[in-house]
Amino acid sequence: MNMGQMLMQGLTANNPMVAQIMQMKNSGMTPQQALQQMAQSNPQMRQIMQGGNPQQAAMNMLKEAGVDPQQFMRQANQIFK
């Protein structure tokens with residue numbers, strides 16, 4: 001197994017959404033088809049696909065995960081300085 005395969009295996013093992021995206025890619029779906037399928041089961045993705053604000057959807061996802069969006073942004077800004 002090469003390094004790229006090991007990295008993808010680690011990502012998919014820890015993140016069901018990444019695993020879903022890789023499965024869609026491997027099945028031959030186009031990006032548009034994959035997004036439409038994801039929107040059927042993910043309310044935030046549905047909101048974005050219907051013209052919603054991606055930043056607001058991300059903030060809502062953080063809140064649902066129990067993460068303070070403002071604190072997350074402060075920490076992200078520190079990391080990427």
Side-chain angles (χ1 to χ4, degrees):
M1 183 179 304
N2 68 35
M3 185 64 129
Q5 290 170 323
M6 289 182 355
L7 179 62
M8 286 311 299
Q9 187 177 27
L11 286 173
T12 58
N14 296 321
N15 190 326
M17 186 170 274
V18 173
Q20 181 183 15
I21 291 168
M22 291 306 297
Q23 181 181 20
M24 291 174 183
K25 176 192 169 286
N26 292 336
S27 71
M29 282 188 174
T30 66
Q32 182 66 27
Q33 290 169 324
L35 287 172
Q36 288 173 346
Q37 184 172 334
M38 290 172 63
Q40 292 174 4
S41 61
N42 184 314
Q44 290 85 9
M45 185 63 72
R46 187 175 322 119
Q47 179 185 15
I48 292 169
M49 293 290 291
Q50 294 173 345
N53 181 335
Q55 182 177 0
Q56 186 59 50
M59 294 297 171
N60 291 342
M61 290 171 72
L62 288 169
K63 288 178 188 174
E64 289 174 13
V67 176
D68 176 12
Q70 296 305 320
Q71 183 178 0
F72 176 85
M73 293 302 295
R74 283 191 297 274
Q75 290 176 345
N77 286 331
Q78 290 297 317
I79 291 170
F80 292 105
K81 269 189 171 182

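Just the heavy atoms: all of them, side chains too, but no hydrogens, waters or symmetry mates, feed the values below.
Applying the side chain to side chain donor-acceptor pair (under 3.5 Å) criterion to Thr30, with sequence neighbours excluded, gives Gln33. Evaluation of the side chain to side chain contact (heavy atoms under 4.5 Å, CB included) rule for Gln40 yields no partner, not counting sequence neighbours. Judged as a side chain to side chain contact (heavy atoms under 4.5 Å, CB included), and not counting sequence neighbours, Ala58 has no contacts. Residues passing the side chain to side chain contact (heavy atoms under 4.5 Å, CB included) test with Met49 are Gln32, Leu35, Gln36, Ala39, Met45, sequence neighbours excluded. For Gln47, the side chain to side chain contact (heavy atoms under 4.5 Å, CB included) criterion is met by Ala57, Asn60, not counting sequence neighbours.
Sorted by first and then second residue, the side-chain hydrogen bond (donor to acceptor under 3.5 Å, both in side chains) pairs involving residues 61-76 (not counting sequence neighbours) are Gln44-Glu64.
Counting only heavy atoms from C-beta outward, the side chains of Met73 and Met59 approach each other to under 4.5 Å.
There is no path of hydrophobic side-chain contacts, each under 4.5 Å, that joins Ile48 to Met38.
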